[in-house]
Protein chains: 2
Amino acid sequence: MISDRVTQMVARLKAVNLRLTPQRLAILRILADSEGHPSIEEIYRRMKPDFPTMSPATVYKTLTLLKALGEVLELGFPDGVNRYDGSKPYPHPHVICLKCKKIMDLEMGNLQPWIEAAARETGFRILQHRLDFFGLCPECRAKE
Amino acid sequence: MISDRVTQMVARLKAVNLRLTPQRLAILRILADSEGHPSIEEIYRRMKPDFPTMSPATVYKTLTLLKALGEVLELGFPDGVNRYDGSKPYPHPHVICLKCKKIMDLEMGNLQPWIEAAARETGFRILQHRLDFFGLCPECRAKE
DNA sequence: CTTCATGCAAAACATTTGCAGCTGG
DNA sequence: CCAGCTGCAAATGTTTTGCATGAAG
């Protein structure tokens with residue numbers, strides 16, 4: 001499953017004639033991990049042991065590139081720390097723990113009717129959306 | 001309508017023994033304006049003519065305070081420019097133009113069933129949510 | 001009066017950019 | 001080879017913080 005997604009992204013890079021460097025491969029592997037919704041800093045930190053010369057700038061550049069290709073979903077937050085989902089790079093709902101910042105995907109209902117209603121009501125052409133639920137995860141609730 | 005909301009926020013400040021300065025009042029008036037979802041920079045810019053000595057730090061401090069009181073809704077974006085809604089400080093859906101950054105409120109369906117489904121599926125205690133649609137507004141579509 | 005708010009400047013972060021040197025294909 | 005990538009450092013932009021002065025209650 002996981003490696004399928006890496007393979008997909010690798011193919012995409014090749015398709016547009018971009019290079020597959022060891023650094024990029026490592027980033028793709030981290031992003032493809034469905035459980036993680038890593039921040040730039042976390043990707044950097046996880047790579048550092050294997051790539052001692054690694055620089056955060058390379059992570060930023062690669063993520064900018066993957067965003068442009070539509071191969072990663074960027075989740076911005078008011079505190080300025082963005083998180084990334086490379087496993088499902090299309091809009092989908094998340095639950096986010098306000099305490100430990102864990103992010104989980106949700107498998108649930110279709111938003112299509114709402115998208116159409118929003119378009120009808122406002123005259124917008126809707127291209128993207130974002131639905132997130134914020135709260136306390138079971139672990140953090142237990143620690144209360 | 002608009003002044004009702006300002007009155008509400010003023011009352012809230014008094015209730016917790018915070019001071020009502022001319023600067024704060026001006027910020028509240030801007031925030032209460034339903035049409036605007038201003039950024040910090042815009043609030044600052046709109047106040048500057050009337051408050052020549054105004055500093056952006058004061059806007060930041062006041063917004064931090066209002067956030068803590070739950071009197072303003074903060075909308076974060078990946079590009080780092082946050083926007084604020086003081087007219088309806090509770091979660092509600094928005095449509096956002098990707099080109100001109102206009103933000104409009106949406107009057108539409110109830111998310112309650114989804115909140116319950118998310119809680120059931122994940123074990124989270126859901127406290128907040130955010131639903132935004134991104135696209136092109138009628139004006140920007142016309143300019144294409 | 002006393003406490004809290006303002007506003008300046010400096011600091012703290014996240015992110016972007018410039019550029020020399022390196023390397024994948 | 002050589003276009004494109006890496007990685008360092010400097011620049012940028014937003015937000016936070018420290019602190020002396022000023023004003024609300």
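Every heavy atom of this structure was used, including side-chain atoms; hydrogens, water molecules and symmetry mates were not. Below, read A as the first sequence line, B as the second, and so on, with proteins coming before strands; counting in each chain starts at 1.
Remark: side-chain polar atoms of A/R141 are paired, donor with acceptor, to backbone N or O of B/G123 under 3.5 angstrom. In this structure, A/E121 contributes its side chain and B/E107 its backbone to a donor-acceptor pair below 3.5 Å. No donor-acceptor distance shorter than 3.5 angstrom exists from the side chain of B/E74 to the backbone of B/R83, with no hydrogens or angles considered.
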Between the protein and nucleotides 19-25 of chain C, list the N/O to N/O atom pairs that are separated by less than 3.5 angstrom.
from   : atom 1 : to    : atom 2 : distance (Å)
C/dG24 : N2     : A/R19 : NH2    : 2.8
C/dG25 : OP1    : A/L20 : N      : 3.1
C/dG25 : OP1    : A/L20 : O      : 3.4

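Atom pair B/I40:CD1 and D/dT16:C1' shows a separation of 12 Å (rounding to whole Å applied). For the pair A/L28 CG and D/dC5 P, the computed distance is 13 Å after rounding to whole Å. The nearest whole Å value for the distance from the CZ atom in B/R24 to the P atom in D/dA24 is 12 Å. Distance B/E42 CD to D/dT14 C1': 16 Å, rounded to the nearest Å. Regarding B/L63, its CG atom lies at a distance of 15 Å from the P atom of D/dT14, rounded to whole Å.
Taking CG from A/L31 and CG from A/L73, the interatomic distance works out to 11.0 Å, rounded to the nearest 0.5 Å.
Checked against D/dT16, C/dT16, C/dA5, the side chain of B/T64 finds its nearest nucleotide in D/dT16. Listed candidates were D/dC5, C/dA9, C/dA14. Nearest to the side chain of B/A57 is C/dA9. When the nucleotides D/dT15, D/dC8, C/dG7 are ranked by their closest atom to the side chain of B/T53, C/dG7 comes out on top.
An OP1 or OP2 oxygen of D/dT15 is reached within less than 4.0 angstrom by a side-chain nitrogen or oxygen of B/Y60.
Within 4.0 Å of B/N82, counting heavy atoms only, lie sugar-phosphate atoms of the nucleic acid but no base atom. Nucleic acid contact for A/Q23: sugar-phosphate only, since backbone atoms but no base atoms lie under 4.0 Å from a heavy atom of the residue. Heavy atoms of A/T58 sit under 4.0 angstrom from at least one base atom.
Under 3.5 Å, the side chains of A/D105 and A/H92 contain a donor-acceptor pair of N or O atoms.
Relative ring orientation between B/H37 and B/H94 is described as perpendicular, the plane-to-plane angle rising above 60° on a 0-90° scale split at 30° and 60°.
If you find the closest nucleotide of DNA chain D to A/T62 and to B/V81, the one lying nearer the 5' end belongs to A/T62.
A salt bridge is absent between A/K143 and A/E139; no separation between the charged side-chain nitrogens and carboxylate oxygens falls under 4.0 Å.
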